[in-house]
Participant: 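I'd like to ask some things about the structure below.
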Amino acid sequence: MRDTDLREAADLIDRAGRIVIFTGAGVSAESGIPTFRDALSGLWEQFDPRRLATPEAFGDDPALVWGWYEWRRAAVQQVEPNAGHRALAVIEQRAPECVVVTQNVDDLHERAGSKEPIHLHGSLFAPRCSACGRPATVANGAPAVEGRVPPPPCDHCGAPIRPGVVWFGEALPADAFEAAVAAAANCDLLITVGTSAVVFPAAEIPQVTARMGGAMIQVNPEPTPLDAVARVNLHGPAAEVLPALAAV
Ligand code: OAD
């Protein structure tokens with residue numbers, strides 16, 4: 001990461017009236033939460049998304065799917081936000097207007113101090129009934145290893161409770177997606193952090209800003225399709241780059 005790039009990025013932040021922060025799994029990597037597509041360590045390297053992250057998978061084997069998400073929920077509860085999440089909350093607090101849009105289903109932005117991030121792919125902490133859709137409360141004490149756990153029944157209708165996340169083949173929550181598109185279209189600057197930017201429609205969000213003439217800063221140790229679109233590319237891990245950026 002070059003000093004000139006860092007200064008240019010800090011200058012864009014200082015001058016922006018409206019900022020969107022758009023994050024993916026990479027922002028939580030240094031908290032100990034695996035990403036999806038990183039070689040060797042990525043979740044989709046080790047687990048088959050078709051067996052775990054589709055409505056059909058839940059229909060075929062609810063205990064396998066519920067147990068996997070309960071394991072992920074427990075893993076998130078055992079870790080802390082990292083310096084990258086905290087620096088983003090600082091940038092958010094300093095900005096005249098700022099909206100955090102995340103693809104992550106963890107709660108690390110909230111715990112670092114971000115205000116009401118938009119969760120495009122839902123949350124591990126918002127289970128709901130698979131039939132009637134009512135929100136459900138699930139006890140803590142989730143398993144420390146992945147394995148089958150039968151989902152509890154809905155208090156209202158008795159159908160199995162499902163994770164409150166967006167699966168492959170499902171639509172994004174309409175209110176969240178619309179709010180994210182509106183924020184991306186109207187911002188001066190979008191800061192994208194730790195996303196491969198290949199999963200649509202979420203990956204459309206930074207493209208909306210680019211099309212509307214907004215500036216973009218990208219933080220990622222690896223190249224992505226956004227390299228060509230971003231005004232400044234800060235190559236490095238979020239927990240190192242973002243505190244340096246917030247301190248300029
Ligand atoms: P990916 O796993 O596709 O990409 C993670 C990105 O984070 C990669 O570009 C890495 O280079 C980068 N990265 C890794 N370590 C980093 C670090 N320390 N600091 C900054 N960046 C780092 O994750 P997402 O882009 O979030 O959806 O994936 C998008 C969606 O695909 C997820 O929300 C999930 C998944 O399937 C659903 O489950 C619906």
Participant: Can you tell me how far CG of L172 sits from CD of E204, rounded to the nearest 0.5 angstrom?
Facilitator: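 It comes to 11.5 Å.
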Participant: Once ring pair (Phe, Tyr, Trp, His ring centres under 6.0 Å) is applied, do any residues pair with H119, and if so which ones, sequence neighbours excluded?
Facilitator: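 For H119, no residue satisfies ring pair (Phe, Tyr, Trp, His ring centres under 6.0 Å) once neighbours in sequence are set aside.
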Participant: Any Lys/Arg nitrogen of D11 or R15 sitting under 4.0 Å from an Asp/Glu carboxylate oxygen of the other?
Facilitator: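 A salt bridge links D11 with R15.
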Participant: Quick one about T224 and Q218 (side-chain donor to acceptor, distance below 3.5 Å, no hydrogens or angles considered), yes or no?
Facilitator: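 A donor-acceptor contact under 3.5 Å links the two side chains.
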Participant: Restricting to non-hydrogen atoms, name the atom on A9 and the atom on L234 that form the minimum distance, rounded to 0.1 Å.
Facilitator: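 Taking every non-hydrogen atom into account, CB-CD1, 4.0 Å.
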Participant: Kindly indicate whether the side chain of I191, heavy atoms from C-beta on, has any atom under 4.5 Å from the side chain of L189.
Facilitator: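 The answer is yes, as the side chains (C-beta and beyond) meet within the 4.5 Å cut-off.
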Participant: Do the side chains of V165 and L64 join up, straight or via other hydrophobic residues, at under 4.5 Å, putting them in one cluster?
Facilitator: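 Linked within one cluster.
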Participant: Using the rule that two of Ile, Leu, Val, Met, Phe, Trp, Tyr join whenever any of their side-chain heavy atoms come within less than 4.5 Å, decide whether F47 and V76 are in one cluster.
Facilitator: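 In one cluster with F47: V76, yes.
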Participant: Does any part of the side chain of F177, heavy atoms only, come nearer than 4.5 Å to the side chain of I118, both counted from C-beta?
Facilitator: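 No, side chains not in contact.
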Participant: Which pair of non-hydrogen atoms, one from L108 and one from S28, has the smallest distance, and what is that distance?
Facilitator: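 Of all heavy-atom pairs spanning L108 and S28, the closest is CD1-OG, 3.7 Å.
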Participant: Within a radius of less than 6.0 Å around CZ of R211, do more than 12 heavy atoms belonging to other residues, nucleotides or ligands occur?
Facilitator: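 Counting other residues, nucleotides and ligands, CZ of R211 exceeds 12 neighbours.
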Participant: Taking E80's backbone N and O only, do any of them form a donor-acceptor pair with S31's side chain (distance below 3.5 Å, no angle check)?
Facilitator: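 Side chain of S31 to backbone of E80, a donor-acceptor pair under 3.5 Å: yes, one is there.
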Participant: Does any non-hydrogen side-chain atom of L43 lie less than 4.5 Å from one of R72?
Facilitator: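 Yes - at least one pair of side-chain heavy atoms lies under 4.5 Å apart.
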Participant: Please check if V219 and V27 belong to a single hydrophobic cluster, counting links between Ile, Leu, Val, Met, Phe, Trp and Tyr side chain heavy atoms closer than 4.5 Å.
Facilitator: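 Same hydrophobic cluster.
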Participant: With heavy-atom distances below 4.5 Å as the criterion, would you say the side chains of N104 and H121 are in contact?
Facilitator: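 When only atoms from C-beta onward are counted, H121 and N104 do not touch, as no gap falls below 4.5 Å.
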Participant: Output the distance between atom OG1 (T209) and atom CE (M216), rounded to the nearest 0.5 Å.
Facilitator: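 T209 OG1 to M216 CE: 6.0 Å, rounded to 0.5 Å.
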Participant: Does the side chain of L120 come within less than 4.5 Å of T102's, by heavy atoms?
Facilitator: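 No. Closest side-chain heavy atoms not under 4.5 Å.
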Participant: Given side chains that start at C-beta, do those of R18 and C98 come closer than 4.5 Å, heavy atoms only?
Facilitator: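 Not in contact.
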Participant: Going by an N to O cut-off under 4.0 Å, is there a salt bridge joining R2 and D5?
Facilitator: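 The answer is yes: the pair qualifies as a salt bridge.
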Participant: For the residue pair Q103 and T195, confirm or rule out a side-chain donor-acceptor distance under 3.5 Å.
Facilitator: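 Note: Q103 and T195 side chains meet the donor-acceptor criterion.
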Participant: So how far is it from E8 CD to I13 CD1, rounded to the nearest 0.5 Å?
Facilitator: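 Here the rounded value is 11.5 Å.
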Participant: Are W66 and I161 close enough, and set up right, to give a side-chain contact (heavy atoms from CB on, under 4.5 Å), and what steps lead you there?
Facilitator: CA-CA 9 Å; W66 180 256; I161 298 299; 3.7 Å; yes
Participant: Counting N and O atoms only, with roles assigned by atom type, does the side chain of R162 sit under 3.5 Å from a partner on the main chain of P151, one being a donor and the other an acceptor?
Facilitator: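 Absent.
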Participant: Would you say S41 and D38 are linked by a side-chain donor-acceptor pair, where the criterion is simply a distance under 3.5 Å?
Facilitator: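 No, no side-chain donor-acceptor contact under 3.5 Å.
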Participant: Give a yes or no on whether the backbone of T54 and the side-chain of E170 come within a donor-acceptor separation of less than 3.5 Å.
Facilitator: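 Not confirmed, E170 side chain does not pair with T54 backbone.
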Participant: Kindly give the heavy-atom pair with the smallest separation between G84 and L242, and that separation in Å.
Facilitator: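 Here G84 and L242 meet closest at O-CD1, 3.7 Å.
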Participant: Are more than 12 heavy atoms, taken from residues, nucleotides or ligands other than D155, located less than 6.0 Å from that residue's CG atom?
Facilitator: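 Count not over threshold, so no.
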Participant: Are there more than 12 heavy atoms of other residues, nucleotides or ligands under 6.0 Å from atom CD of Q46?
Facilitator: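 More than 12 within 6.0 Å, yes.
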Participant: Regarding H85 and T23, do their side chains bring together a donor and an acceptor under 3.5 Å, going by distance alone?
Facilitator: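 No, no side-chain donor-acceptor pair sits under 3.5 Å.
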Participant: V166 and A171: which non-hydrogen atoms are nearest, and at how many Å?
Facilitator: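 Residues V166 and A171, closest heavy atoms: CG1-O, 3.9 Å.
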Participant: Salt-bridge test for R86 and E30: reply yes if a basic N is under 4.0 Å from a carboxylate O, no otherwise.
Facilitator: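 Salt bridge: no.
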Participant: With a 6.0 Å cut-off on the ring centroids, do F58 and W68 count as close?
Facilitator: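 Between W68 and F58, which both carry aromatic rings, the centre distance is not below 6.0 Å.
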Participant: Can we say R148 and D61 salt-bridge, meaning some charged N sits less than 4.0 Å from an Asp/Glu carboxylate O?
Facilitator: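 Here R148 pairs with D61 in a salt bridge, since their nearest N and O are under 4.0 Å apart.
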Participant: Roughly how far, to the nearest 0.5 Å, is the CZ atom of R134 from the SG atom of C129?
Facilitator: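 The distance works out to 8.0 Å.
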Participant: Roughly how far, to the nearest 0.5 Å, is CG of D14 from CZ of R7?
Facilitator: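 Here the rounded value is 13.0 Å.
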Participant: Give the intermediate values and the outcome of side-chain contact (heavy atoms from CB on, under 4.5 Å) for residues L88 and V193.
Facilitator: CA-CA 10 Å; L88 288 174; V193 182; 4.3 Å; yes
Participant: Decide side-chain contact (heavy atoms from CB on, under 4.5 Å) for N233 and H235; before the verdict, give the C-alpha distance in whole Å, the side-chain angles of both, and the deciding distance to 0.1 Å.
Facilitator: CA-CA 6 Å; N233 280 293; H235 291 295; 3.7 Å; yes
Participant: Between P49 and F168, which heavy-atom pair has the shortest distance, and what is it?
Facilitator: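 Scanning both residues, the minimum pair turns out to be CB-CE1, 3.8 Å.
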Participant: Taking all heavy atoms of R128 and all of G133, pick out the closest pair and write down the distance.
Facilitator: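 For R128 and G133, the tightest heavy-atom pair comes out as CB-O, 3.8 Å.
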Participant: Going through the distances and angles, do E70 and V138 end up as a side-chain contact (heavy atoms from CB on, under 4.5 Å)?
Facilitator: CA-CA 10 Å; E70 280 292 88; V138 177; 3.9 Å; yes
Participant: Tell me, do E240 and L245 make a side-chain contact under 4.5 Å, heavy atoms counted?
Facilitator: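 With C-beta onward as the side chain, the pair stays apart.
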Participant: Kindly work out whether a path of hydrophobic side-chain contacts (I/L/V/M/F/W/Y, heavy atoms less than 4.5 Å apart) joins L52 to L124.
Facilitator: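 Yes, L52 connects to L124 through the hydrophobic network.
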Participant: Just how far is it from atom OG of S114 to atom CG of D107, taken to the nearest 0.5 Å?
Facilitator: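 Spacing of OG (S114) from CG (D107) equals 11.5 Å.
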Participant: If we only count heavy atoms from C-beta on, is the P160 to C154 side-chain gap below 4.5 Å?
Facilitator: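 P160 does not reach C154 side chain to side chain.
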Participant: Look only at the side chain of N186 and the backbone of A182, and say whether a donor-acceptor pair between them is shorter than 3.5 Å.
Facilitator: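 Between the backbone of A182 and the side chain of N186 there is a qualifying donor-acceptor contact (under 3.5 Å).
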Participant: Hydrophobic clustering (ILVMFWY, side-chain heavy atoms < 4.5 Å, transitive) - are W44 and V105 grouped together?
Facilitator: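 Same cluster: V105 reaches W44 through Ile, Leu, Val, Met, Phe, Trp or Tyr contacts under 4.5 Å.
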